[in-house]
Amino acid sequence: WNDLECRPSEEKLTAIAEKLKNLGFLELGYEYVVVDDCWMISRSDSGQLEEDERAFPSGMKSLGDYLHKLGFKYGIYTDRGLKTCASRPASLGFEAQDGRLFASWDVDFV
């Protein structure tokens with residue numbers, strides 16, 4: 001959060017992950033790259049969380065696949081309330097649906 005604040009993106013997160021890998025952080029025990037708040041933009045009519053397609057043009061599954069390819073585990077942020085800290089849609093009332101979505105993206109940590 002201190003670096004990206006409410007402006008995460010596929011480009012920034014892949015660059016960060018590549019830098020962490022190249023600097024040897026995996027070997028030092030750093031396992032996770034976690035996408036913090038503001039990756040989600042809305043919920044669809046069916047209640048599905050929707051990522052910010054401008055910031056994540058390949059989608060959240062693709063980002064996770066890339067992080068896994070680099071050797072990292074993939075983490076993602078949500079909140080237990082109605083809104084996240086940045087007033088984006090959170091998981092209250094959608095816990096099972098969001099859990100299934102995160103599982104379909106092969107998320108390792110929520």
_Pairwise distance CG(L67) to CG(L20) - rounded to 0.5 angstrom_ = 10.0 Å

*Under the side chain to side chain contact (heavy atoms under 4.5 Å, CB included) test, which residues partner S58, sequence neighbours left out?*
E10, S62

*Between P8 and A55, which heavy-atom pair has the shortest distance, and what is it?*
O-CB, 3.4 Å

*asked:* Between K69 and D65 (salt bridge meaning N to carboxylate O under 4.0 Å), is one present in this structure?
replied: no

*Taking every non-hydrogen atom, the tightest pair across F56 and S9*: CE2-C, 3.5 Å

*Sequence neighbours left out, what pairs pass salt bridge (Lys or Arg N to Asp or Glu O under 4.0 Å) with at least one residue falling in residues 79-89?*
none

*CD (E95) with more than 12 external heavy atoms under 6.0 Å*: yes

_So, using side chain to side chain contact (heavy atoms under 4.5 Å, CB included) as the criterion, who are the partners of A15 when residues are at least two apart?_
none

*Rounded distance [0.5 Å steps], CG in L92 versus OG1 in T78*: 10.0 Å

_So, taking the atom named CZ in F72 and the one named OH in Y66, what distance separates them when rounded to the nearest 0.5 Å?_
10.0 Å

*asked:* Here's a test for you: under side chain to side chain contact (heavy atoms under 4.5 Å, CB included), which of T84, D52, I76 qualifies with W39?
replied: I76

*State, yes or no, whether a side-chain contact exists between L4 and L13 at a heavy-atom distance under 4.5 Å.*
yes

*Stepwise side chain to side chain donor-acceptor pair (under 3.5 Å) test for S42 and E50*: CA-CA 5 Å; S42 61; E50 297 176 320; 2.7 Å; yes

*What residues form a salt bridge (charged side-chain N to carboxylate O under 4.0 Å, His left out) with R43, not counting sequence neighbours?*
D98

*Of all the heavy-atom pairs spanning A90 and G81, show the shortest one and how long it is.*
CB-O, 3.0 Å

*Are any non-hydrogen side-chain atoms of I41 and E53 less than 4.5 angstrom apart?*
no

*Are V107 and F94 connected, step by step, through hydrophobic side chains (Ile, Leu, Val, Met, Phe, Trp, Tyr) whose heavy atoms are closer than 4.5 Å?*
no

Pairs of donor and acceptor atoms involving the side chains of residues 21-36, under 3.5 Å and at least two apart or interchain, shall be tabulated with distances.
{"residue": "K21", "atom": "NZ", "partner": "L70", "partner atom": "O", "Å": "3.0"}
{"residue": "N22", "atom": "ND2", "partner": "E18", "partner atom": "O", "Å": "3.2"}
{"residue": "E31", "atom": "OE1", "partner": "K73", "partner atom": "NZ", "Å": "2.9"}

_Main-chain N/O of L101 paired with Q48 side-chain donor or acceptor, under 3.5 Å_ = no

*Shortest non-hydrogen separation from M60 to Y74 and the atoms involved*: O-OH, 2.9 Å

_Which residues pass the salt bridge (charged side-chain N to carboxylate O under 4.0 Å, His left out) test with E5, not counting sequence neighbours?_
R7

*Do side-chain atoms of D108 reach the backbone of G75 as a donor and acceptor pair under 3.5 angstrom?*
no

